[in-house]
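Working notes, beginning with the structure itself.
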Amino acid sequence: MNSKIIVFAAFLGSFFISSCGNKQEKTGTSADSTKSSAIKKPAPGSSLTLDPNKKYIFLTWDDSPQPPGTTICYNVFKEEGVKATFFSVGMHYDIEPRRRRIIDTIRNGYPQFLLANHSYSHGFRDNYNTFYKLTDSAIADFQKAEKLMDIPVKIIRLPGRNSWANNGVVSGPKTSEKVARKLDSLGYKVIGWDIEWGFIRGNIPKESPTQIMKLINSKFESEYTQEPNAMVILAHDRMFAKQPYTDSLRKLISLIKADSRFVFETIDHYPGIGKR
Ligand SMILES: [Zn+2]
């Protein structure tokens, strides 16, 4: 399936996680499995050479852990064999052991799953204006989440703001620019999104899978993405908790899979993220 060249390099100041408890990804033949067992498991943040003939899809799901949505999405991705990133929230993790175990499972699921940072307080409990004005407190909030959840990469999604920051290049709303810039200066990457699969009434997907697929195709065709050949899709775990919407998620995955140009990747492999 994957014939990618993986170069080991400890970018993003990440640290290696123990392979204890990690299951090997399933492999096709016994010859394959002999070969794969000899290959060292990559660490989050390891650089990956992207194929210029492919188009990369980064599924980035926010606000975990939010059971049952998070577990349902995790299981769908697992069954479908697609890679995804969960941007998690410290105060959601801090509630009970069951939620902490969900995050442990995601963290241990690399390279299929990546755990990344979506702040401790979700921007002081959705008070974004205050949050982005208090730069130092906002930075401390992200660092609290990083430590608490043992997040293996310095990759952040800002709550409520489509901001980007990577190696001194910062873009997005003016209101969150200071925080994005400060995070960048501390070696963090801030990842926004190209497409949001929106929701209504808190957790019901707004668009159909076909509409999202159309949007993906049209954005690629018009080359209207943050980086060429890369599409960051934002959605929220809680949107897919109910059966009809779990089916919508599966449907979108099947539509993406039907086009052989598309490859799913975790956000640590987003173009330019590992480069200095
Ligand atoms: Zn959020």
Side-chain angles (χ1 to χ4, degrees), residues 58-74 77 84-96 99-100 102-103 106-107 113-135 137-149 151 153-165 171-180 182-183 188-207 212 226 231-242 245 249 252 266-268 270:
F58 299 88
L59 301 177
T60 60
W61 265 215
D62 282 8
D63 296 359
S64 50
Q66 282 193 322
T70 303
T71 311
I72 288 168
C73 289
Y74 175 91
F77 296 145
T85 302
F86 289 90
F87 280 97
S88 303
V89 173
M91 71 177 183
H92 294 169
Y93 168 93
D94 230 358
I95 294 172
E96 50 171 353
R99 291 186 181 225
R100 292 195 279 274
I102 293 171
I103 294 301
I106 293 169
R107 191 191 310 100
F113 299 102
L114 180 69
L115 177 66
N117 192 340
H118 194 40
S119 83
Y120 179 80
S121 68
H122 202 270
F124 301 133
R125 299 177 183 266
D126 301 350
N127 287 312
Y128 304 134
N129 289 338
T130 309
F131 184 75
Y132 292 110
K133 270 180 202 152
L134 301 173
T135 309
S137 303
I139 303 299
D141 196 75
F142 288 112
Q143 290 177 330
K144 184 178 177 183
E146 180 181 350
K147 204 169 172 193
L148 180 74
M149 294 189 283
I151 294 172
V153 289
K154 289 191 174 299
I155 302 178
I156 284 176
R157 160 144 313 128
L158 299 190
R161 294 288 184 274
N162 189 0
S163 280
W164 300 78
S171 62
K174 197 87 193 137
T175 49
S176 48
E177 194 186 317
K178 255 182 144 176
V179 168
K182 179 80 183 181
L183 287 168
Y188 291 92
K189 315 289 176 183
V190 178
I191 293 286
W193 58 90
D194 295 297
I195 288 177
E196 178 177 5
W197 192 348
F199 56 81
I200 48 172
R201 297 198 288 281
N203 62 358
I204 298 169
K206 194 172 159 190
E207 295 87 4
I212 295 295
Q226 181 78 6
M231 180 80 61
V232 179
I233 302 173
L234 157 66
H236 291 80
D237 311 9
R238 60 182 177 272
M239 292 161 52
F240 308 103
K242 289 182 183 155
Y245 311 125
L249 178 57
L252 177 65
T266 46
I267 204 66
D268 53 336
Y270 188 73

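Just so you know, ligand 1 is whichever comes first in the structure, and atom 1 is the first atom listed for that ligand.
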Is there a ring-ring contact (aromatic ring centres under 6.0 Å, His included) between F240 and Y74? Walk through the geometry before answering.
CA-CA 11 Å; F240 308 103; Y74 175 91; over 10 Å; no
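- By the criterion of a separation under 2.8 Å, the protein N/O/S atoms near the Zn ion (ligand 1) amount to D63 OD1, H118 NE2, H122 NE2.
- Judged purely by distance below 3.5 Å, without hydrogens or angles, the side chains of S88 and S64 pair a donor atom with an acceptor atom.
- You'll find the ring centres of F58 and Y270 inside the 6.0 Å limit.
- Residues Y120 and D94 bring a donor and an acceptor atom of their side chains to less than 3.5 Å of each other.
- Of the inter-residue distances, the one linking H122 atom NE2 with F124 atom CZ reads 13.0 Å to the nearest 0.5 angstrom.
- Between the side chains of N203 and H236, no donor N or O sits under 3.5 Å from an acceptor N or O.
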